[in-house]
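These figures come from a predicted structure and were not determined experimentally. In what follows, chains carry the letters A, B, and so on, assigned in the order in which the sequence lines appear, proteins first and then strands, with residues in each chain numbered from 1.
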Protein chains: 2
Amino acid sequence: MFQQTYANAQGTTNGNGRDPRLIEGIVSSLPLFRDVGRSSVVLVASYTRIAHCRRGEFIAQQGERLPGVIAIAYGLAKLVLPRRKGEEKVLRFIGANESFGEATALLDRPCQVDVVALADTMLAVIPVRPLKQLQERDVTFANNLIATLAGGLLLLVAEIDASIGRSSAQRLAAYLESLALPDAGSDACAVQLPVTKTALAARFGITKETMSRLLRELKERGLIAMTGANITILDRARLAGIAREPAAATTIARGQAACI
Amino acid sequence: MFQQTYANAQGTTNGNGRDPRLIEGIVSSLPLFRDVGRSSVVLVASYTRIAHCRRGEFIAQQGERLPGVIAIAYGLAKLVLPRRKGEEKVLRFIGANESFGEATALLDRPCQVDVVALADTMLAVIPVRPLKQLQERDVTFANNLIATLAGGLLLLVAEIDASIGRSSAQRLAAYLESLALPDAGSDACAVQLPVTKTALAARFGITKETMSRLLRELKERGLIAMTGANITILDRARLAGIAREPAAATTIARGQAACI
DNA sequence: CGGAATGTTGATTATATTCAACTGTTGTGG
DNA sequence: CCACAACAGTTGAATATAATCAACATTCCG
């Protein structure tokens with residue numbers, strides 16, 4: 001499955017693809033290992049292997065068993081639910097210092113998603129066995145594991161909420177608005193999409209055609225400017241307005257509610 | 001939020017709503033406490049309280065903090081994502097010996113869903129504090145907790161997969177077919193819906209009108225018989241066929257692929 | 001440069017919602 | 001026990017949303 005041989009042929013690691021310090025660095029940077037003692041990290045790292053995938057390659061496929069939790073050292077990948085011919089729904093994008101497969105690997109169940117590299121990517125494959133042992137021996141790690149799983153649950157529920165509770169126009173508006181967050185001003189603000197528009201469309205569960213039309217409409221209404229991949233947010237307030245325009249009814253009636 | 005005073009007024013429990021043996025029985029029946037030692041159960045039970053909800057009452061509301069994990073001793077409830085005026089998406093139905101709120105309570109985050117009793121229901125409210133302590137002291141419990149969270153993740157991903165990858169007709173067909181499972185025969189088989197058609201519609205993310213039309217079509221095509229709430233599955237094979245009719249394409253085309 | 005991937009646009013169609021009216025069922029209080 | 005209200009379900013017509021099909025433009029790379 002993974003490019004272990006390919007990894008071994010790389011000049012960036014030593015002869016057998018196992019550079020302990022590199023692997024320990026990758027492992028210890030994961031949220032799962034936050035505040036976990038060095039000895040635990042070293043132990044787990046001693047079992048993990050590095051692999052490389054080039055842009056477009058599959059990191060994992062729906063239906064197969066994962067050998068363990070897979071972490072990304074650098075690069076970018078997408079977790080997708082495949083659909084018919086060319087269609088897909090992106091569940092998550094994951095980048096450096098993120099991991100996937102915790103639930104699947106721990107329960108030893110077939111992987112539910114395809115994982116595809118969107119750029120040249122370096123992976124660390126952390127076998128389940130040492131993770132399960134660590135979970136029983138290291139309270140901090142167990143806490144991290146639980147927090148990761150619980151957080152994932154909340155994210156997925158929010159995902160379902162958004163994908164049925166709001167129109168695609170609303171989801172897109174909310175997303176664009178969130179990209180502008182860094183600078184608090186309500187002035188024009190150039191943002192750049194982290195992935196292609198087609199991939200983003202899949203992220204929102206729509207087609208690239210629909211995405212194109214939605215963006216054009218936002219442009220025509222003066223909320224954004226766009227030339228090619230370059231997007232500028234012109235009216236952040238109105239954009240945020242669209243994001244919750246129709247709906248609100250129950251949310252308002254209920255009091256302050258959350259902010260997602 | 002919970003009807004503790006109401007619970008205390010019930011004749012079924014003792015004066016202050018705390019019957020230790022009853023509570024221990026409820027707690028120990030939960031998947032979370034499977035194989036957990038009696039002393040742990042007793043400890044946690046000593047912190048938990050019983051509450052009652054009548055049909056239609058809210059057990060929890062979106063946006064509020066849950067006091068802990070909530071378990072159902074008897075009765076039935078639905079976890080719903082509220083939408084505008086009357087609309088809702090049911091995430092799960094939960095019945096006796098099931099619980100909810102693990103992720104929300106452990107992370108101390110606002111509840112994402114409304115929880116509504118569909119029948120008179122008895123609840124056990126298990127505060128977070130003792131659960132967190134137990135998670136650090138009892139490996140079996142920690143394992144159960146992790147398994148519960150991980151399982152919930154997989155279910156939600158499957159849920160998203162179904163709700164975007166298949167049409168509502170497919171989801172309904174798959175559901176009806178699953179109801180017939182008990183007897184393996186392909187003959188006519190009477191099934192009964194566990195909840196109202198309206199509630200089921202919300203479970204599938206469609207309106208009751210659409211549900212009605214879909215069922216009518218299945219009836220007209222001779223796949224089921226239906227008079228009121230009484231449904232009989234007439235052609236299970238064809239029903240299963242509808243459930244996966246269009247799709248499959250990429251799954252086949254994908255063959256071995258992978259990244260080696 | 002040339003080809004593949006990405007993005008755009010229009011026309012048409014599928015799917016399910018919304019609105020509205022109406023029927024059947026159930027549970028409750030007079 | 002019946003009347004009545006509340007809920008559950010059905011049906012049709014009009015509508016909204018986004019997918020699909022098809023053609024073309026643009027950008028990115030090797």
Starting at atom [atom1] of [X], determine the distance to atom [atom2] of [N], rounded to an integer number of angstrom.
X	N	atom1	atom2	result
B:Lys197	C:dG24	NZ	P	14 Å
A:Ile206	D:dA19	CD1	P	6 Å
B:Met226	D:dT11	CE	P	8 Å
A:Ile231	C:dT6	CD1	C1'	14 Å
B:Arg166	C:dT15	CZ	C1'	16 Å
B:Asn230	D:dA8	CG	P	18 Å
A:Leu172	D:dT17	CG	P	15 Å
B:Glu88	C:dT17	CD	P	14 Å

Non-hydrogen atoms of [X] and [Y] that approach each other most closely:
X	Y	answer
B:Asp114	B:Gln61	OD1-CA, 3.4 Å
A:Leu76	A:Pro194	CD2-O, 4.3 Å
B:Ala180	B:Ile233	CB-CD1, 3.6 Å
A:Lys78	A:Glu88	NZ-OE2, 2.6 Å
A:Gln112	A:Leu81	O-CD2, 3.7 Å
A:Met226	A:Ile231	CG-CG1, 3.9 Å

Under 3.5 Å, N/O pairs linking protein and nucleotides 23-28 of chain D:
none

5' priority, DNA chain C, between A:Lys219 and B:Gly205 [closest heavy atom]: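 That would be A:Lys219.
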
Pairing of B:Glu209 and B:Arg213 as salt bridge, 4.0 angstrom limit: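 No, this pair does not count.
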
Sugar-phosphate only, base, or nothing, as touched by B:Gly56 at under 4.0 Å among non-hydrogen atoms: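 Touches nothing.
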
Under 3.5 Å donor-acceptor, B:Thr104 side chain and B:Gly101 backbone: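 Here the side-chain-to-backbone pair does not exist.
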
Minimum-distance nucleotide (side-chain atoms of B:Arg171 versus C:dT8, C:dG10, C:dA16):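 Of all the options, the side chain of B:Arg171 is nearest to C:dA16.
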
Candidate nucleotides C:dA16, D:dG9, D:dG12, ranked by approach to the side chain of B:Ser168 - the nearest: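 Minimum distance to the B:Ser168 side chain belongs to C:dA16.
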
Upstream residue (5' side of DNA chain D) when A:Met211 and B:Leu215 are each assigned their closest nucleotide: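 Residue closer to the 5' terminus by nearest nucleotide: B:Leu215.
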
Base C:dT26 to side chain B:Arg55, donor-acceptor N/O within 3.5 Å cut-off: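 Per atom types, no contact qualifies.
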
When you measure from the side-chain N and O atoms of [X] to the phosphate of [N], is any distance below 4.0 Å, counting only OP1 and OP2?
X	N	value
A:Thr207	D:dA18	no
B:Thr198	D:dG9	yes
A:Thr210	D:dA18	no
B:Arg213	C:dA16	no

